[in-house]
Number of protein chains: 2
Amino acid sequence: MKATFGEYIRQLRTDKGFTLTELAALLKLDSANLSKIENGKREFDEKRLDKLANAFDLDFEKLKIEYFGDQFAKKMYAYNCSTETLIVAEEKVNYLKSIKAKQAKLEL
Amino acid sequence: MKATFGEYIRQLRTDKGFTLTELAALLKLDSANLSKIENGKREFDEKRLDKLANAFDLDFEKLKIEYFGDQFAKKMYAYNCSTETLIVAEEKVNYLKSIKAKQAKLEL
DNA sequence: TTAAACTTGTCAATAGATGACAAATCTAAC
DNA sequence: GTTAGATTTGTCATCTATTGACAAGTTTAA
C-alpha cells in the first residue's frame, strides 16, 4: 500500500500472471510503455484508470486514492513540501465544495 | 487562507495597491493572463513562485504550501476523491524518502 | 542457445499550456 | 456622460511536454 503506482500495477499484473503484452493490450497501450510506467519512467494516464480497474476488478474509488495519492506524493517529494501542504489541501477542497453549494443555492 | 491560489494573489496584489499591469511586469507575464490566473481561468506556473515570493516578500515555504495545496485540492475536487487520498499521499512521501535514505546508505 | 519477457532509446505526432494581442467591459474621476 | 485607466474575455499561433510507436538491446528460464 506504500508502493509507487508503478510498483502497484506490477504487483497486480504479476499476481494475475499477466505479461506486459497482455496487460498492455487490455489498457490499449504499448508493452514497452507499460514497462516504463511500472518502472516509474512514465506516468500512467488518468484516462486509463477505468480500464485498469476493469482489468483487475478493482474498486474505482480505492484506485483513485492510490493513483492521486501517488501523484501528490511525487510532487511533494520533488518540491520538498512540508506535510502541512496536505492539511491546506483538505481545507481548500472544503472551500471549493462550499462555493459549489452556494452556487447551487443561488440557482434555485 | 482557504481561498484559491488566484484569490490569494489578488488579495496580495490589491493589498499592496498594485495594478495587474504592475504585478504582471514583476512576474514577467501579460496583464490579461494574470487576470485569468486571479480568476481561476489559467494556472499559475510553478516556475514563477520565486518571483511571486520576491514581489511580496513572502516566505517561500509557506507559498509552496499554499500553491501545492491548491493544486491538490483542485484535482481532488475535479475527480471527487475522498480525503483518504491525502493520508495515502503522506504515506507515499515517507516511502519515497525512505527509498532515498536507503540509496544514500548504499552509496557510502 | 533459443524464445519469450522485459527494458531502453529514440523520435514523430499529438495535445495541452502559454504568450501575445485585440476588443469588450467595467469603474471612478472629471 | 465622457474619458482614461483597469480589468476581463476571446482568440490564436507558438512553444513544450506527453504519448504512441517501433527498433534494438538485455534478461530470464527452459
Trainee: Quick one: which of B:Thr14, B:Leu27, B:Thr4, B:Leu23 gives a side chain to side chain contact (heavy atoms under 4.5 Å, CB included) with B:Ile9?
Mentor: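 Answer to the side chain to side chain contact (heavy atoms under 4.5 Å, CB included) test with B:Ile9 among B:Thr14, B:Leu27, B:Thr4, B:Leu23: B:Leu23.
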
Trainee: For residues 54-64 of chain A, which residue pairs pass the salt bridge (charged side-chain N to carboxylate O under 4.0 Å, His left out) check, not counting sequence neighbours?
Mentor: A:Glu61-A:Lys64

Trainee: Could you state the atom-to-atom distance from NZ of B:Lys41 to P of C:dT18 in whole Å?
Mentor: 17 Å

Trainee: Given atom CG of B:Leu34 and atom P of D:dA6, what is their separation to the nearest angstrom?
Mentor: 14 Å

Trainee: Does B:Ser35 place a side-chain N or O at less than 4.0 Å from the phosphate oxygens OP1/OP2 of D:dT8?
Mentor: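 Yes.
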
Trainee: Is there a donor-acceptor contact under 3.5 Å from the side chain of B:Lys92 to the main chain of A:Ala3?
Mentor: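 Confirmed, B:Lys92 side chain pairs with A:Ala3 backbone.
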
Trainee: Round to the nearest Å and state the distance from B:Glu38 atom CD to D:dT9 atom P.
Mentor: 12 Å

Trainee: Report yes or no: do A:Phe56 and A:Ile37 belong to one cluster of Ile/Leu/Val/Met/Phe/Trp/Tyr joined by side chain heavy-atom distances under 4.5 Å?
Mentor: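 Yes, one cluster joins them.
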
Trainee: For DNA chain D, determine which residues of residues 10-20 of chain B have any heavy atom closer than 4.0 angstrom to one of its atoms, and list them numerically.
Mentor: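 By residue number: B:Arg10, B:Arg13, B:Thr19, B:Leu20.
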
Trainee: Would you mind checking if A:Lys75 and B:Glu46 are paired as a salt bridge, meaning a charged N to carboxylate O distance below 4.0 Å?
Mentor: yes

Trainee: Could you state the atom-to-atom distance from CD of B:Glu22 to C1' of D:dT7 in whole Å?
Mentor: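 That distance rounds to 13 Å.
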
Trainee: Linking Ile, Leu, Val, Met, Phe, Trp and Tyr through side-chain heavy atoms less than 4.5 Å apart, which residues share a cluster with A:Ile87?
Mentor: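 ILVMFWY cluster around A:Ile87 holds nothing else.
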
Trainee: Can B:Glu90 and B:Tyr95 be counted as having a side-chain donor-acceptor contact under 3.5 angstrom?
Mentor: no

Trainee: Salt bridge check: are A:Glu22 and A:Lys16 linked by an N-O gap of less than 4.0 Å?
Mentor: no

Trainee: Per the end-axis method with five pairs at each terminus, what is the bend angle of the helix from C:dT1-D:dA30 to C:dC30-D:dG1, to 10°?
Mentor: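 Angle reported: 40°, given to the nearest ten degrees.
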
Trainee: Test of understanding: with side-chain hydrogen bond (donor to acceptor under 3.5 Å, both in side chains), list the residues that count as partners of B:Gln11, not counting sequence neighbours.
Mentor: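 Once residues adjacent in sequence are excluded, the partners of B:Gln11 under the side-chain hydrogen bond (donor to acceptor under 3.5 Å, both in side chains) criterion are B:Asp15.
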
Trainee: I'd like to know if B:Arg13 pairs up with B:Glu38 as an ion pair, taking the criterion as any Lys NZ or Arg NE/NH1/NH2 lying under 4.0 Å from an Asp or Glu carboxylate oxygen.
Mentor: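 B:Glu38 and B:Arg13: salt-bridged.
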
Trainee: May I ask you to verify if any side-chain N or O of B:Asn39 is less than 4.0 angstrom from the OP1 or OP2 atom of D:dT8?
Mentor: yes

Trainee: Find out if a path of hydrophobic residues (ILVMFWY) with successive side-chain heavy-atom gaps under 4.5 Å connects A:Phe60 to A:Ile65.
Mentor: no

Trainee: Generate the contact string for nucleotides 17-25 of chain D. Rules: B means base contact, S means sugar-phosphate contact only, - means no protein heavy atom under 4.0 Å.
Mentor: --BBBBB--

